[in-house]
Amino acid sequence: MAIRMFVAAVAVAMATFMVVVASALPSGVGVPTQAVPVLAPMTSDPRPSSVNCTIKWFTQDIDHFGWSTPLSSTNATTFRQRYFVYDKYWSTAKDGTRGPIFFYFGNEDNVELYVNHTGLMWESASHFGALLVFAEHRFYGESKPFPSGTAGCMNYLSTEQAMADFATLIDDLKHTLPGTRDSAVIGFGGSYGGMVGSWFKMHYPNKVDGVIAASAPIWSFVGLDPPYDFDGFDAAVTYDASAAAGATDHCKANIKQVWPKVAEATGSDAGRALLKETFRLCNEVAETDSEPILEWLNEPWGFLAMGNYPYPSTYLVHGLGPPLPAWPMRAACKGLDKAMGDDRDLFVGMREAVAVYFNRSKDKPCFDHTQFRNEGPLTAARMPGKTMTARWRRRAAVRDDSCTGDWGYQWCTEMVQPFSSGTANDMFWPLNEFNLAESKRGCQDSWGVTPRELWARRGLASKYLGHASNIVFSNGRLDPWHPGGVLENQTDTVVAVVIPNGAHHIDLMFSDPQDTPDILQARDFERAHIARWIEERASKRHLRGAA
């Protein structure tokens, strides 16, 4: 009854949502046609986390698609997958039917990071009477199929194997937990987890009733039609450093001109002295330090854009140490908010900007740029929600036996997301156009594998989603991954919501007093769809009973 009342409330305040969201959208971006209830934010204080959960383990096949022992060097055929469960909100109907199952599709990381930050699930579970399940992605966290040093182990790190893990786990839950035969399963995922969740809904439609896929750039691959804009990511980062996003246009202009000045300064004794002084570098600057310093200065910007939340947050720093400040991109731009022509002023302003990321504790006396020396050639591989640029370090041996999840490996096999930078549309320098051949060489040097650059289109999802159903794709306008996301409704049930003030899957985060109205309304929009999916599942049960 509560869910039906929630669905009935959907007719309230759609006009407000349409105005708030549509007013800040780029031309051509659609707005969902369904109505949205504007509800007060659901809050929890203190916030629940992994310490409130029960840790469980499930025995998975290492290889879901073969029949022989995966590796001849070991007899292992199974591994233990970790998952977290919280059942205090889980409801039971008079007939014994249990409430829905909220299932998080694990990312390229320890799943505890997502247990501790996915507030939408926690805050919605009490309303819907849901069981919470957070499943870890194979090879990450503590879900390791092989011990380190097992040659050939990385061959079993793939999105397809991970989706089969999730399908097997969901199937087991539905068959072993009493009263769950007719319980709806609602999937959640952000970034790569959102990509996995949306692909899972297409590949295993009988295992999940609907998916909230937040900041899921499933259209950020090569070979798509229409094609992905390779400079879309850095152009979106640049947008965050502009007046349109709440910063200042002087910021992006100053950043654009600082790079060649830094490169030029490394060519003279006076220039190197100026770099050491103005950037407060711990070590002397060598003539060959142009690239290391430029890489050091480049590293924070993607994180600042992804984590451009209206409140302090540790999510983009892996939950460790002091948080990034509220609106971190605006904070970084404060020292670059006026026209600058003098090298000293530019360098000092840039130092203060990157210190927002590198010196969150505000106690570092100097900065170490030497960590970026001797890294080997760069590729355009980027990692959703974590490390922005994957550097191919020159290694004496191929790392096919690390047996620990690594986005570099996933990029080098299936997740070939192309990126260019330094164009007229972004604030970076020099021009670095995506080079597939060079990237393939880097993958061979690092992992001994060659990317299948068209596999995402062929084996996961193309730009035609007419066959899919019950997916909400959400994207933040401030999130640099949004150019590769689904920004328009695809069908009546595969819908998109764009959040003007939203950064990287902010809609999945816990509610905060600083949340802007469009963020709150996006969550209510998602809850409305969750309610519809649960109601659809219940109606099918009633029809079966009547028959």
Side-chain angles (χ1 to χ4, degrees), residues 217 219-224 226-242 244-245 247 249-267 271 275 279 287-306 329 332-333 336 340-341 343 346-347 349-350 353-354 369 372-383 387-392 408 411-412 416-443 445 451 453 480-484:
W219 288 347
S220 60
F221 297 95
V222 299
L224 297 174
Y228 172 62
D229 177 4
F230 294 1
D231 189 39
F233 186 96
D234 279 343
V237 172
T238 303
Y239 171 81
D240 278 42
S242 72
D249 288 339
H250 286 302
C251 183
K252 65 178 183 179
N254 286 324
I255 294 172
K256 185 73 170 182
Q257 66 170 324
V258 80
W259 313 107
K261 290 180 178 291
V262 168
E264 182 181 3
T266 59
L275 290 172
F279 285 113
E287 290 185 57
T288 56
D289 274 350
S290 173
E291 183 174 314
I293 294 176
L294 291 176
E295 281 303 306
W296 169 65
L297 294 174
N298 179 73
E299 178 165 311
W301 297 103
F303 290 104
L304 295 175
M306 285 193 296
M329 187 66 87
C333 283
L336 296 165
M340 294 179 176
D343 288 5
L346 270 174
F347 293 172
M350 190 68 162
V354 299
H369 72 285
F372 293 93
R373 288 176 177 169
N374 303 318
E375 292 282 8
L378 294 178
T379 72
R382 290 204 170 113
M383 193 171 194
T387 305
M388 295 314 304
T389 305
R391 295 174 184 81
W392 305 128
W411 193 98
C412 281
V416 186
Q417 296 168 305
F419 295 91
S420 298
S421 65
T423 73
N425 297 321
D426 67 53
M427 63 187 185
F428 299 98
W429 180 91
L431 178 63
N432 181 15
E433 296 182 307
F434 176 70
N435 187 317
L436 180 60
E438 181 181 314
S439 296
K440 287 183 174 181
R441 286 194 294 271
C443 289
D445 289 344
E453 68 272 15
W481 288 103
H482 85 263

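Side chains included, hydrogens not; waters and symmetry mates left out as well; all remaining heavy atoms used.
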Below 4.5 Å, heavy atoms only, C-beta onward: do [X] and [Y] meet side chain to side chain?
X	Y	answer
Trp301	Pro480	no
Phe372	Glu291	no
Ser421	Asn432	yes
Val258	Trp429	no

Over all atoms of both residues, closest heavy-atom pair of [X] and [Y]:
X	Y	value
Phe428	Thr238	CE1-OG1, 4.3 Å
Pro451	Glu453	O-OE1, 3.3 Å
Met427	Trp259	O-NE1, 2.8 Å
Leu336	Ala353	CD1-CB, 3.9 Å
Leu297	Phe279	CD2-CE2, 3.7 Å
Phe419	Phe434	O-CB, 3.6 Å

For the pair [X] (side chain) and [Y] (backbone), establish whether a donor and an acceptor sit closer than 3.5 Å, ignoring hydrogens and angles.
X	Y	value
Glu433	Phe230	no
Asn254	His250	yes
Lys252	Asp426	no
Asp289	Pro292	no
Trp219	Tyr228	no

Output the distance between atom [atom1] ([X]) and atom [atom2] ([Y]), rounded to the nearest 0.5 Å.
X	Y	atom1	atom2	answer
Asp249	Ser242	CG	OG	5.5 Å
Ser420	Asn435	OG	CG	9.5 Å
Met306	Met329	CE	CE	10.0 Å
Lys256	Cys251	NZ	SG	13.5 Å
Ile293	Thr266	CD1	OG1	6.5 Å
His482	Ser220	NE2	OG	12.5 Å

Practice problem: Determine whether the aromatic ring centres of Phe233 and Trp481 lie less than 6.0 Å apart. | Solution: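 Ring-ring flag for Phe233/Trp481: true, centres closer than 6.0 Å.
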
Self-check item: Side chains of Asp231 and Thr423, donor plus acceptor under 3.5 Å
Solution: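 Yes, a side-chain donor-acceptor pair sits under 3.5 Å.
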
Exercise. Go through the steps to decide whether Gln257 and Leu346 satisfy the test side-chain contact (heavy atoms from CB on, under 4.5 Å), and finish with yes or no.
Key: CA-CA 9 Å; Gln257 66 170 324; Leu346 270 174; 3.7 Å; yes

